[in-house]
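Notes follow the structure.
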There are 2 protein chains.
Amino acid sequence: MHAHTAIAAQPTRVLPGPQATAMPMPRMTPSRPFAANDADPLAAIAQLRVFDREQAIFAEGETADAVFRVVDGMIRLYKLLPDGRRQIIGFLQAGDMVGLAFADRYLYSAEAITASTVQRVPRSQLDALLDSQPSLARRLLSVTTSELVAAQDQMLLLGRKSALEKLASFLLALSRRAGAGRAIALPMSRCDIADHLGLTTETVSRGFTKLKTSRLIRILDGGRVELLDAGALAELADCT
Amino acid sequence: MHAHTAIAAQPTRVLPGPQATAMPMPRMTPSRPFAANDADPLAAIAQLRVFDREQAIFAEGETADAVFRVVDGMIRLYKLLPDGRRQIIGFLQAGDMVGLAFADRYLYSAEAITASTVQRVPRSQLDALLDSQPSLARRLLSVTTSELVAAQDQMLLLGRKSALEKLASFLLALSRRAGAGRAIALPMSRCDIADHLGLTTETVSRGFTKLKTSRLIRILDGGRVELLDAGALAELADCT
DNA sequence: CGCGTGATTGAGGTCGGTCAAACACTGTGG
DNA sequence: CCACAGTGTTTGACCGACCTCAATCACGCG
């Protein structure tokens, strides 16, 4: 079935932090509330780390000694059942945070899909920062809350949508995150998409060809997809 | 298919708040961090409201002008697709919070399953409280984070588990919340359970009879269920 | 008692999974 | 430049878990 193998957990190289001015700021959306002209206390204490394609960042069950924020690239978060079935909890892009579960162990695994740069903030330093800067907690609350909203949408998708509806919803969600432009990057494999939508690789592939022959999407080079009729896709996705 | 009808949105009666000493305190778990001997700033400004069985508390799309905390009873949160398909996001019990999505509109509906008592905290007052009492944000962050953890478990369930595995996981999760004692209350209907697990009423019913004939559970009076072999259920649930 | 609602059971259909083969792409070595 | 292997995607044929439709059952209530 799935292999789900990833290479060693050590980052390719660790850049010395802090380097507050060098790193790109997350976009200004409700879910990523650190605006460019806003002080970013996390950046000051974060280490920058670079991970290769398919490299593990942390694994479910490991001691959760740090939180991460994605600067560049794409990360998958997933949970496994003992027999190997995998559910991808989410795909993270620039600005997203990982590991904000205040448990002593990570409750899911994280792997880089593309070569990725992340900020790493040790848990102890985050706690200290939360003490010295109370407004940070409200920001993190806001971030976590919008993650929760996304999770609830995903529950509706997983529990109640058909294969084609799931695929349309997925493409639209990616498109909304990417912002303007009808072409979106799909660096993840069909298997990743399947494990995110509760389907199989084959069903995802059939869905893509159906959307292609219906002239709703077009496959571009480099694994990019152009949404030819976002309205029809939204109709298919049954709103959301 | 489903009816999903609920009666008027007005609470049966509104009790004058605050009445800090009269209301039961949530239990001491990581997800409900307001311990009994701990100051509870929310209780001080909350209005107590009582809702009848099957009564709506708020609906998806309404202006989100308040957050709620359940004092007693059971609440269902759900999202609907335009054609009426329903996904129950969660069942809330004493101590759980609702409406903590910092959007201007509720993103799901809430209805009382049993007669329920909830604390109602207007959004504006909550904001003020967050300003005057920064530690509250960290508590809410902790609450929201554990809701997110539960949501991720539910994604794994919805995306990757079989009908029987879903049912076993559901019963175990309820049992863990209820704490000691192998009997758990199931005030919600088979249809509610189905809409929570991404199944149909019939499949849930068949699952219950299969668990009964396998001597893993026993149905007691009053819609209560006794877990006869939690170990075997956990095995079935494929961990989690 | 008769009715209404929800739960259970049964029979049959279907969407998506499983298994398998063909295809496409990429890099590697001759 | 091609041959080839290796990996991931697509397509096909078949199957089964779950859904659909429908009848029966159980329980509470006027």
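Because only heavy atoms are used, hydrogens play no part in the values below, and waters and symmetry mates are left out as well, while side chains stay in. Throughout, a chain's letter reflects where its sequence line sits, starting with A, and its residues are numbered from 1. Not measured: the values here are computed from a predicted model.
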Touch class at under 4.0 angstrom, heavy-atom based, for Gly198(B) against every strand present: sugar-phosphate

Whole angstrom value for the distance that separates C1' of dG16(C) from NZ of Lys166(A): 9 Å

The single option from Leu233(A), Leu211(A), Leu174(A) passing side chain to side chain contact (heavy atoms under 4.5 Å, CB included) against Leu227(A): Leu233(A)

Identify the pairs formed between an N or O of the protein and an N or O of nucleotides 6-10 of chain D at a distance under 3.5 Å, and give each distance.
unit_1: dT9(D); atom_1: OP1; unit_2: Arg190(A); atom_2: N; d: 3.1
unit_1: dT10(D); atom_1: OP1; unit_2: Arg190(A); atom_2: NH1; d: 3.2
unit_1: dT10(D); atom_1: OP2; unit_2: Arg190(A); atom_2: NH1; d: 2.8
unit_1: dT10(D); atom_1: OP2; unit_2: Ser205(A); atom_2: OG; d: 2.8
unit_1: dT10(D); atom_1: O5'; unit_2: Ser205(A); atom_2: OG; d: 3.0

Pairing of Asp153(A) and Lys161(A) as salt bridge, 4.0 angstrom limit: no

Side-chain ion pair, Arg160(B) and Asp195(A), N-O less than 4.0 Å: yes

Interatomic distance where CZ belongs to Arg85(B) and P belongs to dC15(C) [whole Å]: 13 Å

Nearest-angstrom distance from the residue atom NZ of Lys161(A) to P of dC19(D): 18 Å

Whole angstrom value for the distance that separates P of dC18(D) from CG of Leu197(B): 12 Å

Sugar-phosphate only, base, or nothing, as touched by Gly223(A) at under 4.0 Å among non-hydrogen atoms: nothing

Rounded distance in Å - CG (Leu164(A)) to P (dG17(C)): 13 Å

Heavy-atom donor-acceptor pair, Lys166(B) side chain to Leu197(B) backbone, under 3.5 Å: yes

Rounded distance (Å) that lies between atom P of dC15(C) and atom CZ of Arg160(A): 16 Å

Qualifying ring pair (Phe, Tyr, Trp, His ring centres under 6.0 Å) pairs with a residue from residues 196-224 of chain A, counting only residues at least two apart or across chains: Phe91(A)-His196(A), Phe170(A)-His196(A)

Asp195(B) CG - dG6(C) P separation (whole Å): 13 Å

Counterpart residues, ring pair (Phe, Tyr, Trp, His ring centres under 6.0 Å), relative to Phe68(A) (two or more places apart): Phe58(A)

Distance, rounded to the nearest Å, where Ile193(B) contributes CD1 and dG6(C) contributes P: 14 Å

